[in-house]
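What follows is one structure encoded as structure tokens, with my remarks underneath.
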Amino acid sequence: MKSYKDLSPSLRTIMTPGPVEVDPRVLRAMSYPILGQFDPEFTELMNETMEMLRDVFQTRNQWAFPIDGTSRSGIEAVLVSVIEPGDKVLVPIYGRFGNLLVEISERCGAEVVLLEREWGTVFDPEEIIAAIHREKPSIVAIVHGETSTGCIQPFDGIGAACREVDALLVVDAVATIGGVPVKTDEWQLDAVIGGTQKCLSVPSGMSPITYNERVEAKVLRRKTIERGLREKGSAVSAGKPVASNYFDLGQLQDYWSPKRLNHHTEATSMLYALREGLRIVLQEGLENRYRRHQRHEVALIAGLQAMGLSLYGNPACKLTVVTCICIPDGIAGESVRSMLLNSFGIEIASSFGPLKGQIWRIGTMGFSCNQKNVLHVLGALEAVLLWHGADITVGKALQAALTLYARKEEELPC
């Protein structure tokens, strides 16, 4: 019989756009004893997690809870619950994950209307607002921060335009929640989906979501109670039920509400992790956390540019927590990534689709976003590029970053 060695994953410096390094306090929380999902001690942890999610999402919504699954599970849960066959869904695309919103919407039977921008740029909000007034969709689905291109979409006026035509605004904030401002109520976002494995620095496996009364009204019109849980006289929706049982927000609401109507067995250790991750975010303070991400982004960029490397994308719409670098001509991008990993224990990301082989992506997210990591990746990248014969400026990158770190926070460029 084959035997297997003890599990002992290598220690890495993870500088990708997700997953990122996990705070040791979160890992410790995952080791705690398991509680039953209806144990009052555990349901109180569920309630506390909802409270903290409201703060992080900057909302007063009643509904703020995690979907068990990776970030895509939260996107699917929201879209499959609000899209009915034939609904018109407007999707502005400026990277890979806008295309994902299209694919999921199409699988839900939607009539999808596309707006597309060249990757590396974003939309002027007025373009989206004009399309909303022209198309009058039932739902507008937009990515807030595109990790595929390192760009962030502004939302000025988009939420108000959606209200004018009675459209729901669904936002993928997987890459931004906990790292840059996501102002759910102020921006009039109807549903927002976050991720754990990026700026929250929690392992992948849950997707926090929040949604308001406008979304809930549509969910309740399709609400049904699982056949095996129905009591005599239980109401059954006359409308077409949500196609997915697992991702049915109507049923999940009952599970997360004081009813505690059984739906699934909660991922206990992941909930511990999420609760601790959220506690750490709020302990640091949202504004302090946003400034920390900006500080390390500025230092990283200073070092990369001092090395002579070019950044990809329009700097006016750069996503704070992801920096995209054009791979120098004649340099094998995957060979550089492999040497960074094998010689320095550093992981950075490549890209895909139309950008495959053209850029590297460095994430400065959550627990991975710190001075040691930024300096480590700059020094290692310089050494590896020299090894590969790249035409770069030597000895300037670390000094440029250190100069930025020596400056007071208020003196740093925005």
Side-chain angles (χ1 to χ4, degrees), residues 57 59 61 63 67 69-117 119 122-125 127-149 151-177 182-184 187-195 207-212 214-219 222 242-244 247 249 319:
F57 278 115
T59 184
N61 290 343
W63 300 113
I67 305 297
T70 61
S71 301
R72 193 169 302 208
S73 72
I75 297 170
E76 290 229 22
V78 171
L79 292 180
V80 76
S81 295
V82 300
I83 296 174
E84 296 181 80
D87 279 350
K88 182 184 284 190
V89 179
L90 175 67
V91 183
I93 303 170
Y94 61 101
R96 173 190 173 183
F97 294 103
N99 285 289
L100 174 63
L101 297 178
V102 171
E103 180 165 328
I104 296 173
S105 298
E106 288 177 340
R107 288 171 181 253
C108 293
E111 174 194 344
V112 180
V113 178
L114 309 181
L115 291 179
E116 296 193 68
R117 292 281 293 181
W119 288 25
V122 296
F123 294 89
D124 184 318
E127 296 178 67
I128 298 173
I129 291 168
I132 291 168
H133 288 143
R134 181 179 67 248
E135 299 292 341
K136 295 181 172 51
S138 299
I139 295 143
V140 178
I142 314 180
V143 175
H144 184 211
E146 263 285 0
T147 54
S148 65
T149 63
C151 294
I152 188 167
Q153 173 63 49
F155 277 83
D156 303 342
I158 294 174
C162 286
R163 302 290 170 96
E164 290 169 6
V165 301
D166 197 26
L168 297 176
L169 179 53
V170 176
V171 175
D172 169 355
V174 169
T176 51
I177 194 72
V182 178
K183 300 181 179 181
T184 301
W187 296 346
Q188 295 181 295
L189 314 181
D190 295 300
V192 186
I193 302 101
S207 181
I209 66 169
T210 186
Y211 55 92
N212 60 18
R214 301 178 76 233
V215 171
E216 183 185 13
K218 188 160 190 179
V219 167
R222 308 177 70 189
V242 174
S244 172
F247 293 138
L249 291 184
L319 176 59

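What you find for Ile177 and Gly194 is that their closest heavy atoms are CG2-CA, 3.9 Å. Of all the heavy atoms in Pro92 and Ala141, the pair that sits closest is CD-O, 3.3 Å. Pairing each heavy atom of Val192 with each of Ala173, the nearest pair is CG1-CB, 3.6 Å. Closest approach of Gly74 to Ile67, counting heavy atoms only: CA-CG1, 4.0 Å. The two residues Ser71 and Ile193 come nearest to each other via the heavy atoms O-CG2, 4.1 Å. Heavy-atom minimum distance, Thr147 versus Phe97: OG1-CE1, 3.4 Å.
Relative orientation of the Tyr211 and Trp63 rings is parallel, given thresholds of 30° and 60° on the angle between their planes. Between Trp187 and Phe155, the angle of the ring planes stays under 30°, which puts this pair in the parallel group of the 30/60° scheme.
Between Leu100 and Val143, every side-chain heavy-atom pair lies at or beyond the 4.5 Å cut-off. Between Leu169 and Ile142, some side-chain heavy-atom pair lies under the 4.5 Å cut-off. Inter-residue side-chain proximity for Leu189 and His144 is flagged as unmet; no heavy-atom pair is nearer than 4.5 Å.
Distance check, rounded to the nearest 0.5 Å: CD1 of Ile83 to OG of Ser105 gives 3.5 Å. Once rounded to the nearest 0.5 Å, the distance linking CD1 of Ile75 with CD1 of Ile104 reads 5.5 Å. Distance CZ/Arg72 to CG/Asp172: 10.0 Å, rounded to 0.5 Å. Between atom CG of residue Leu90 and atom CD1 of residue Ile132 there is a gap of 6.0 Å, rounded to the nearest 0.5 Å. Distance check, rounded to the nearest 0.5 Å: CG of Leu168 to CZ of Arg163 gives 9.0 Å.
Without hydrogens or angle criteria, Asp166 side chain to Cys162 main chain gives no donor-acceptor distance under 3.5 Å. At least one donor-acceptor pair under 3.5 Å links the side chain of Glu146 to the backbone N or O of Gly98. Within the 3.5 Å criterion, the main-chain N or O of Ala160 finds a donor-acceptor partner in the side chain of Gln188. Between the Ser81 side chain and the Leu249 main chain, a donor and an acceptor come within less than 3.5 Å of each other. Counting only distance, with no hydrogens or angles, the side chain of Ser138 and the backbone of Ala167 share no donor-acceptor pair below 3.5 Å.
Residue pairs meeting the salt bridge (Lys or Arg N to Asp or Glu O under 4.0 Å) criterion with at least one partner in residues 133-143, sequence neighbours excluded, are Lys88-Glu135. The salt bridge (Lys or Arg N to Asp or Glu O under 4.0 Å) pairs that include a residue from residues 99-112 are Glu103-Arg107, where partners are two or more places apart or lie in different chains.
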After noting the C-alpha distance and the side-chain angles of Asp190 and Lys218, does the key distance pass the salt bridge (Lys or Arg N to Asp or Glu O under 4.0 Å) rule?
CA-CA 12 Å; Asp190 295 300; Lys218 188 160 190 179; over 6 Å; no

Between Val122 and Arg117, does a side-chain contact (heavy atoms from CB on, under 4.5 Å) hold up when you go through it step by step?
CA-CA 7 Å; Val122 296; Arg117 292 281 293 181; over 6 Å; no

Derivation of the side-chain contact (heavy atoms from CB on, under 4.5 Å) call for Ile129 and Ile158:
CA-CA 6 Å; Ile129 291 168; Ile158 294 174; 4.2 Å; yes

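With hydrogens and angles left out, the side-chain atoms of Asn212 and Asn61 include no donor and acceptor closer than 3.5 Å.
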